[in-house]
Amino acid sequence: MSRVRQLTRNFYPKKYEPEILKFWDEARVYERLREARKGSKRFHFLDGPPYPSSDMPHPGTVWNKIIKDSVLRFKRGEGYDVLDKPGWDTHGLPIEVMTEKALGFTSKKDIENYGIDKFVLKCKELATKNLKSMTEHFKEFAVSMDWDHPYRTFENEYIESAWWGVKKIWESGRLYEGERPVHWCPRCETVLSDYEVSESYKDLMDPSIYVKFKVRGSENEYLLIWTTTPWTLPGNVAVMVHPNEKYVKVRVDGDLLILAKARLEAVMKDAGIEEYEVVEEFEGRTLEGLKYEHPLEDLVPVQQRIKDAHRVVLSEEYVTMEEGSGCVHSAPGHGKEDFEVGMRYGLPVVSPVDERGRFTEDAGKYAGLQVREANNIIIEDLSGRGALFHRGTVIHKYPVCWRCDTPLIIRTTKQWFVKLTDLRKKLLEESGRAKWVPKWGGERRFKDWLLGLEDWIISRQRYWGIPLPIWRCESCGHIEVIGSAKEIEDRAGVKLEDLHRPWVDGVTWKCPKCGGKMRRIPDIMDVWYDSGVSFFASLGYPHRNREAFQEIFPVDFITEGHDQIRGWFFSLLRMGTLLFNQVPYKSVLMHGFMLDEKGREMHKRLGNYVPPPEILKNVARDTFRFFVLTKVPWQDLRFSWKGLKEMERRLSVIWNVYVFATTYLRDKELGQLPPKEELDPVNRWVLSRLHSMMKRVRESMNEYHLHVASNEILSFLIDDLSHLYLRVARKKLRSKNRSVADQWGRVLFHVLRETLPYLSIFAPLMSEKIYLESFRGEKDPDSVNFLLLADPDNEMIDPELEDMMMHVRSIISASGFARSNAGVRKRQPLREMVVVTENDVVRKAVEVLKDVLVTEANVREVRVGEAPTDGKWAQADFSEGSVFLNLEMGDEEILGGLARELTRRIQLMRKELGLTIGLERIEVYVQGDEDVRRALERYYDEIAWDSDANVIKFVSDESEVPGSSFGKEWEVDDRRVFIWVKKVE
RNA sequence: GGGCCCGUGGCUCAGACUGGUCAGAGCGCCCGGCUGAUAACCGGGAGGUCGGGGGUUCAAGUCCCCCCGGGCCCA
């Protein structure tokens with residue numbers, strides 16, 4: 001036997017939500033739940049670690065966490081032992097740059113003067129402070145993760161796992177040191193990855209110059225090249241042309257210039273030259289091997305030293321006819337494409353620029369100058385040598401440092417690489433093994449890109465990060481890669497308390513090969529390495545949790561925004577493939593971005609950013625959760641206050657459903673669900689709907705179609721329960737027939753009780769409140785979180801019955817329309833409804849669900865039949881036929897209508913007196929005309945029952961009414977009626 | 001320049017993978033009802049050539065191509 005208690009009438013989430021959060025915290029609900037699920041089948045969720053760059057999460061990040069939370073709650077509801085460790089990506093440049101700013105630093109020198117140890121501790125402090133603060137914000141939205149035991153990439157255990165991975169890569173022969181042109185920030189003095197570079201391009205003004213390279217051995221023939229980076233000319237070693245394009249030799253002022261035919265007109269226009277003459281035309285490929293003289297050779301020593309350079313090479317892919325002259329100046333030291341082509345042709349690499357972006361001694365005259373500042377001097381020198389054809393300026397997108405906005409340069413440096421080019425196909429294959437939601441997230445967006453993948457630069461010349469665990473002998477160059485703190489201890493006898501720089505930098509040992517000094521190379525690692533190893537490093541594998549890891553690898557589920565396809569999803573794939581030869585996750589849900597109300601991206605600096613606390617100030621936590629969870633997850637989501645308010649109203653309807661039900665059910669003994677055969681068809685229907693809902697929620701949650709699941713439960717509670725079932729149930733629940741009232745009570749209780757854990761996936765706070773206040777029985781657990789999701793039972797699902805109810809809804813609609821047209825209000829009972837249809841299901845529906853039609857259409861009889869030909873009828877059509885309402889009013893209809901009017905008046909008066917239905921009883925006295933008397937007489941029982949009246953007496957004047965009665969005069973259908981109500985003490 | 005996503009009534013969005021009861025929902029608006037869920041609830045109505053054009057098909061928001069607009073990723 002179960003009982004429910006009355007639920008607080010008003011929906012005040014602002015009040016109960018903080019109370020519930022506090023209760024969960026104090027009662028240690030999640031900890032106990034985790035404990036309770038131990039030993040069950042496991043579900044491994046891996047949190048994509050947010051970067052703690054601020055103390056406040058972006059609302060989109062809250063959305064991200066809510067998505068995760070709904071899946072976690074669902075899986076716990078299915079009985080899984082869920083791994084729900086949150087993560088934090090704590091290393092890297094943003095934190096360093098923020099710390100530098102706070103300390104007023106502008107260069108690496110400032111940091112080294114201050115002390116790397118102090119600086120690193122400051123970085124750690126900042127990251128820790130921010131992640132703690134962000135945690136509190138996530139908790140506010142009822143995100144249930146293991147907040148007390150997060151994985152943080154700065155922890156020693158994490159670093160050790162990362163090192164193990166590096167060692168393994170080294171052992172596989174994929175780790176190598178190489179010299180490549182890389183994007184470099186001259187302020188941060190570090191290499192940046194392609195991914196980091198793609199983050200920010202800015203419009204910059206640069207010179208746009210055409211330069212004449214004199215063909216060796218000729219009198220007056222020149223290759224005409226174009227560049228916007230004159231400072232790369234000291235690094236020039238070749239000119240690229242397109243093999244298949246037409247080139248021309250043009251006479252201008254006595255010079256013969258070579259350039260692409262397709263660019264001729266544009267170049268001449270650009271240079272302001274009107275008179276020129278094409279003297280020859282030929283294919284680009286015929287230029288191959290043509291030698292030229294470097295115009296700055298006498299000023300730049302390195303240019304004199306290099307061999308086998310200054311010639312024309314061919315490239316189909318990097319010579320464009322969209323801009324420039326079709327003769328592309330090539331400096332393999334300052335450009336990736338140039339480097340690639342240069343390798344093919346065996347060209348030398350020249351990069352006379354240092355880490356601060358200044359020319360080195362190799363650049364001779366320009367040594368010591370900042371490269372961008374040298375632009376003008378170089379242009380002057382070209383001009384002085386008669387090599388400048390034209391000089392202009394251009395505003396173009398140029399990469400800048402994503403943290404400090406300094407324009408980047410490309411210079412050739414030694415870096416540590418991980419070889420990937422031979423893994424392209426394997427990576428693509430592995431990505432295909434994961435289940436991508438939506439499907440196109442993986443395949444289409446990954447494919448071309450993966451196939452063009454380059455080797456990965458994992459070294460960075462900074463401080464706050466995982467130290468690259470590579471030690472090299474100063475004497476013989478012998479290399480050792482370290483996989484744990486213990487290995488350091490074994491070699492150097494040093495036990496490090498913190499594995500970061502600078503402490504790890506001081507550790508040296510004797511080279512086993514030559515006895516020289518083994519010293520760590522000073523680099524740290526790309527942060528994408530950090531987050532890429534999270535699938536095992538979060539567990540401390542392989543130094544810790546070995547068995548656990550093997551049991552739950554690959555990870556069951558990850559989800560992040562679509563920007564992470566090439567970010568974290570890829571970096572996990574990369575590490576999984578490198579270290580375990582497989583993709584480390586089974587399914588991926590990719591979600592969208594949160595945009596502002598106008599559809600633009602939300603940014604603090606754009607001022608269109610809604611801080612999470614502001615959301616909380618205006619709407620319930622569950623409202624925001626439901627709002628985001630009902631949207632298609634992989635599409636961008638437009639933030640909307642209006643949308644939130646709308647959702648809040650819908651939640652209040654759900655609340656009201658529970659209020660309504662508890663009003664009728666409270667304090668009743670509610671037994672088990674009666675057997676199906678004994679049930680009223682409407683009850684069979686609502687149970688069918690319940691199980692259909694459960695089934696669809698389970699299915700769609702398992703497909704990560706969260707929006708389908710959340711909308712399903714909303715429509716069940718609102719469309720099926722509130723709009724239909726409860727309207728029928730309210731009369732049945734108060735039925736004089738005990739067994740009827742009892743059956744409906746049990747069914748209603750059952751439906752609402754089973755729905756609660758489902759609701760709690762999306763609106764956990766509201767569900768908990770309802771559970772604790774009204775539905776929790778004595779032997780039940782002390783939180784809705786412990787409840788399992790009831791399994792849908794196919795036996796309970798009756799598609800035909802559900803179909804029939806759809807038809808009944810249409811019939812009710814049509815009858816409402818007919819009444820509306822005929823001007824007959826719904827309160828007025830009508831004699832008869834005739835449904836005309838050819839559809840057998842509809843016929844059966846009218847039969848089986850007659851009760852619903854009688855109540856909802858307010859008619860005394862319903863039948864299927866032929867269209868009536870005589871009498872007064874109102875008619876309306878629905879999809880499967882027509883509805884006819886008999887408008888003829890007999891005594892029965894008039895008195896019936898009157899009785900309902902009287903009941904309504906009495907109810908109003910009860911309410912005015914503050915009397916509670918089911919508790920306090922009344923005596924009623926009525927004075928009115930003959931019809932009123934007859935209505936009272938005929939419908940005495942109904943009126944008395946509905947209004948909890950002990951006695952209803954028809955009186956001829958006030959003297960018959962007890963003095964203490966509450967009296968009121970009413971006008972009912974043009975009649976004057978006096979009603980007195982007296983509370984029975 | 002390439003790739004991907006989105007563009008459905010005034011607003012916010014489902015439906016598109018698996019062509020055919022898919023032209024829907026909520027809000028807003030208009031009309032009405034109910035009155036012990038009541039600072040709630042219910043019914044009805046108006047309103048969309050599903051961004052534009054072309055194609056495939058007996059049949060296309062749904063598949064294909066092109067274009068326009070918005071966004072993202074990459075060059």
Side-chain angles (χ1 to χ4, degrees), chain A residues 7 9-11 194-195 197-199 201 317-318 320 322-323 336-337 397 399 437-441 443-449 452 561-567 590 592-593 595 597-601 627 630-632 634-647 649-650 652-664 707-708 711 714-715 718-719 722-724 726-727 730 734 806 809 812-821 823-828 856-858 876 879-880 900-901 903-912 914-919 946-948:
Chain A
L7 185 61
R9 287 203 176 273
N10 291 315
F11 178 53
D194 288 347
Y195 187 85
V197 173
S198 71
E199 291 287 290
Y201 280 75
E317 53 289 45
Y318 303 124
T320 167
E322 304 294 321
E323 56 180 12
K336 292 187 178 187
E337 295 83 2
K397 292 241 182 283
V437 183
K439 219 170 53 229
W440 46 261
E443 297 165 22
R444 291 189 228 167
R445 285 177 87 142
F446 245 149
K447 194 175 171 192
D448 295 338
W449 181 68
H562 49 55
D563 57 327
Q564 296 302 326
I565 292 175
R566 278 152 176 170
M590 160 197 124
F593 270 43
L595 309 176
E597 306 213 56
K598 293 183 187 115
R600 294 169 312 175
E601 223 185 314
F627 174 75
T630 48
K631 309 291 184 199
V632 182
W634 48 85
Q635 285 179 18
D636 289 349
L637 187 156
R638 209 180 266 216
F639 184 89
S640 161
W641 286 114
K642 225 175 118 189
L644 284 167
K645 288 287 172 201
E646 215 175 292
M647 184 53 75
R649 271 197 294 278
R650 298 177 82 184
S652 85
V653 172
I654 293 177
W655 181 265
N656 277 326
V657 164
Y658 278 91
V659 171
F660 170 86
T662 56
T663 305
Y664 283 102
H707 64 304
V708 176
N711 279 305
L714 275 186
S715 92
I718 294 174
D719 297 337
S722 177
H723 292 181
L724 188 65
L726 289 186
R727 294 173 58 81
R730 76 204 301 178
R734 284 178 52 79
M806 301 247 297
R809 283 180 203 257
I812 293 167
S813 254
S815 109
F817 186 45
R819 275 179 182 265
S820 195
N821 287 340
V824 181
R825 62 180 153 210
K826 208 182 148 198
R827 210 182 312 151
Q828 176 61 57
E856 290 307 294
N858 196 16
S879 62
E880 301 298 324
R900 283 184 73 154
E901 295 287 353
T903 308
R904 190 187 135 218
R905 269 28 177 229
I906 295 166
Q907 299 285 44
L908 276 176
M909 292 177 71
R910 276 189 66 110
K911 212 167 141 193
E912 245 178 279
L915 304 178
T916 310
I917 199 91
L919 258 184
D946 282 343
S947 58
D948 277 355

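Proteins come first, then strands; the chains are lettered A, B, ... in the order of their sequence lines, and each starts at number 1. Please read these numbers as outputs of a predicted model, since none were measured by experiment.
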Short side-chain N/O contact from A/Y664 to OP1 or OP2 of B/A37, under 4.0 Å:
yes
I need the CG-C1' distance between A/N711 and B/U12, as an integer number of Å.
13 Å
Does some side-chain heavy atom of A/I654 sit less than 4.5 Å from a side-chain heavy atom of A/I718?
yes
Angle between ring planes, A/W655 versus A/F11, binned at 30° and 60°: parallel, tilted or perpendicular?
tilted
In whole angstrom, give the distance that lies between atom CZ of A/R809 and atom C1' of B/G24.
14 Å
Inspect the contact between A/R649 and A/E646 and indicate whether a charged nitrogen and a carboxylate oxygen are less than 4.0 angstrom apart.
no
With distance as the sole criterion, do the side chain of A/T630 and the base of B/A14 form a donor-acceptor contact below 3.5 Å?
no
Are OP1 or OP2 of B/G71 and a side-chain N or O of A/Q635 less than 4.0 angstrom apart?
no
Nearest-Å distance, CG (A/D636) to P (B/G71)?
11 Å
Distance check needed: B/C6 P versus A/K631 NZ, whole Å only.
16 Å
Bracket string, RNA chain B, 5' to 3' - pairs by Watson-Crick or G-U geometry under 3.5 Å, | interstrand:
((((((((.[[[[.)....(...]]]].(((((.......))))).....[[[[[..)....]]]]]))))))).
Expected output: side-chain A/S722 to main-chain A/D719 donor-acceptor under 3.5 Å:
no
Are there any protein N/O atoms within less than 3.5 Å of an N/O atom in nucleotides 16-18 of chain B, and if so, which ones and at what distance?
{"residue": "B/C17", "atom": "O2'", "partner": "A/K439", "partner atom": "NZ", "Å": "2.8"}

Contact under 4.0 Å: A/H707 side-chain N or O vs B/G15 OP1/OP2:
yes
Nucleotide B/C72, atom P - distance to NE2 of A/H562 in whole Å
9 Å
Spacing of the P atoms in B/G9 and B/A14 (rounded, Å)
13 Å
Say you draw a straight line from OG of A/S715 to CZ of A/R650; how long is it, rounded to the nearest 0.5 Å?
8.5 Å
In whole Å, I'd like the distance from the CE atom of A/M909 to the P atom of B/U35.
16 Å
Anti versus syn assignment for B/G32, with syn defined as within 90° of 0:
anti
May I have the distance from A/F593 (atom CZ) to B/G71 (atom C1'), rounded to whole angstrom?
10 Å
Side-chain N or O of A/R566 closer than 4.0 Å to phosphate OP1/OP2 of B/C73
no
note: A/L724, atom CG; B/A37, atom C1'; distance rounded to Å ~ 16 Å
Per-nt protein contacts along nucleotides 26-34 of chain B (heavy atom under 4.0 Å; B base, S backbone sugar-phosphate only, - none) come out as BS-----SS
